[in-house]
Amino acid sequence: MARDRFSPDFDPDCGDAPLTSARQDIVIGRWQGLRDLLWVTGDDWTLRGHRIRLLAQACAGSSTVESWLAAEPASADAQVLRAATETARAFHLAITAGRGVPIDRDRIDTAVLACLHAAEACPEDPTPWVSLISVARLYPTGVRRRELARWWDELYGRDPYSAEGHLQVLHYYSARWHGTHGLMYDFARDAAGVAPPGCALPVLVQYARVEEYRYVLDGARGQRSSVRIGQHWDHDGAVNDVRRTWERWVRARPDGDVAPVEWRDLGYLAHAACLAGTADVATAVLRMLGRRATRIPWSYTGDPVQQLTKWRRELGLRG
């Protein structure tokens, strides 16, 4: 029946209604909503990082954050958002240029300096260090190992279990950027191994598996039909990784609704569980998410709507 047809909710704000309201302000060039949102977010670093990352993506194509800084040049929140926005702008340039084409080093330097200024303006906040580690991978040869380690120490000292911070280091260590598959997986598993029960860090291994797949996909010039990597998603190690993430993170997390900051991570676990053939985990995670979904990582392996609809049908989930 039509009412049973599944329709995923790809809310770009992951169900964060205050964030959605603030992002609408950006469209009309109004910065006050950004200030108010970050003020009420306070020092919940996970939620703050989530909101700043998505606000920065929305601010990248406008001058809203610059207007805020012009009106309130002493605002630490404005400095932190500008750093994330400059980082987002640098990545937009890199995407436009195409894989392997370097962008103007001055644009990367601008983002790095904005991150360092934000770190000075808001010394307790880990967010500028997340942005700094993120933009570092745009340098053609990366940054010196000692420099990266120093930035990581600054981040770790402020938020040792920052999922977004760990994710940016994982990207840096990936073979698509400045590392290897082995280095990336070692980092992910080491982080997962020391994470307390209920912490999301075990899902880094699922991010790593997607990164490896993207590396192969890049080599195949984006043609999924040309990708031949055997049992990438469903070999014994991949299956064990899915179950380990489920046990260490999801089963140990506090009961309650899925928070906006969990949407993306749970989406990666759901994707991995489906492709690994772990029906029990896939069913449980998809049931937790309901209609909520993120297009990535499903878009790397096909059409997100078709895949989600197919797996929910095969697992007996309705509506």
Side-chain angles (χ1 to χ4, degrees), residues 44-47 49-50 126-127 129-130 132-134 136-137 142 145-146 148-215 229 231-255 258-259 261-278 280-282 284-285 288 296-297:
D44 182 337
W45 302 131
T46 300
L47 180 59
H50 158 81
T127 314
W129 300 100
V130 175
L132 187 58
I133 292 170
S134 175
R137 70 177 188 263
R145 182 176 299 181
R146 180 181 299 178
L148 183 67
R150 185 176 71 83
W151 295 347
W152 169 246
D153 287 344
E154 295 284 358
L155 168 59
Y156 189 86
R158 289 164 174 79
D159 189 3
Y161 304 117
S162 166
E164 186 64 27
H166 279 79
L167 180 58
Q168 295 309 319
V169 177
L170 183 145
H171 287 318
Y172 186 95
Y173 284 154
S174 71
R176 287 199 314 123
W177 292 99
H178 304 294
T180 65
H181 297 325
L183 186 62
M184 173 183 65
Y185 277 109
D186 285 347
F187 175 79
R189 291 196 169 100
D190 287 348
V194 300
C199 173
L201 289 185
V203 80
L204 287 171
V205 182
Q206 279 69 58
Y207 279 95
R209 197 160 304 285
V210 171
E211 271 294 321
E212 183 184 2
Y213 180 80
R214 291 186 67 191
Y215 179 84
I229 53 176
Q231 297 176 307
H232 177 75
W233 303 107
D234 61 358
H235 61 76
D236 289 346
V239 171
N240 291 336
D241 285 337
V242 166
R243 295 201 176 282
R244 193 173 296 114
T245 298
W246 167 255
E247 292 292 334
R248 291 182 177 178
W249 171 33
V250 184
R251 281 177 60 88
R253 69 185 277 280
D255 291 336
V258 172
V261 296
E262 296 179 302
W263 272 38
R264 182 178 55 165
D265 294 342
L266 284 170
Y268 269 76
L269 180 57
H271 177 264
C274 288
L275 296 182
T278 52
D280 55 334
V281 175
V285 178
M288 286 176 65
I296 294 174

- Item | Nearest heavy atoms of Val130 and Gly165, plus distance in Å | CG2-CA, 3.9 Å
- Message: Please enumerate all residues that pass salt bridge (Lys or Arg N to Asp or Glu O under 4.0 Å) together with Glu262, with sequence neighbours excluded.
- Response: Arg253
- Item | Under the side-chain hydrogen bond (donor to acceptor under 3.5 Å, both in side chains) test, residues paired with His166 that sit two or more places apart | none
- Task: Name all residues meeting the side chain to side chain contact (heavy atoms under 4.5 Å, CB included) criterion together with Glu154; count only those two or more places apart in sequence or in a different chain, and write none if there are none.
- Result: Trp129, Arg150, Arg158
- Message: Between Trp249 and Leu269, is the side-chain contact (heavy atoms from CB on, under 4.5 Å) condition met? List the steps.
- Response: CA-CA 10 Å; Trp249 171 33; Leu269 180 57; 4.2 Å; yes
- Task: For Ala270, enumerate each residue passing the side chain to side chain contact (heavy atoms under 4.5 Å, CB included) test, keeping only those at least two apart in sequence or located in another chain.
- Result: Val285, Leu286, Leu289, Trp298
- Message: If the condition is side chain to side chain contact (heavy atoms under 4.5 Å, CB included), which residues does Arg244 pass it with, not counting sequence neighbours?
- Response: Asn240, Asp241, Arg248
- Query: So which heavy atom on Ala191 is nearest to which on Leu204, and how close?
  - Reply: CB-CD1, 3.8 Å
- Item | Considering all heavy atoms, the nearest Tyr172-Gly142 contact | OH-CA, 3.4 Å
- Residues forming a ring-ring contact (aromatic ring centres under 6.0 Å, His included) with His171, sequence neighbours excluded: none
- Item | Thr245 versus Pro202, closest heavy-atom pair with distance | OG1-O, 3.1 Å
- Task: With sequence neighbours excluded, tell me which residues meet side chain to side chain contact (heavy atoms under 4.5 Å, CB included) with Asp44.
- Result: Thr46, Leu47
- Item | salt bridge (Lys or Arg N to Asp or Glu O under 4.0 Å) against Asp280, all qualifying residues, sequence neighbours excluded | Arg243
- Task: Write down the atom of Val239, the atom of Ala276, and the distance for their closest heavy-atom approach.
- Result: CG2-O, 3.6 Å
- Task: Quick one: list whatever passes ring-ring contact (aromatic ring centres under 6.0 Å, His included) with Tyr161, sequence neighbours left out.
- Result: none
- Task: Can you label the angle between the Trp233 ring and the Tyr213 ring as parallel, tilted or perpendicular, going by 30° and 60°?
- Result: tilted
- For Tyr185, all residues meeting ring-ring contact (aromatic ring centres under 6.0 Å, His included), sequence neighbours excluded: none
- Query: With sequence neighbours left out, what residues match Glu164 under side-chain hydrogen bond (donor to acceptor under 3.5 Å, both in side chains)?
  - Reply: Gln168, Arg264
- Message: Going by salt bridge (Lys or Arg N to Asp or Glu O under 4.0 Å), name the residues that satisfy it together with Arg137, two or more places apart in sequence or in a different chain.
- Response: none
- State, to 0.1 Å, how close Leu170 and Phe187 come at their nearest heavy-atom pair, and which atoms those are. N-CE2, 3.9 Å
- Check for a donor-acceptor pair, side chain of His232 on one end and backbone N or O of Ala238 on the other, with a separation under 3.5 Å. no
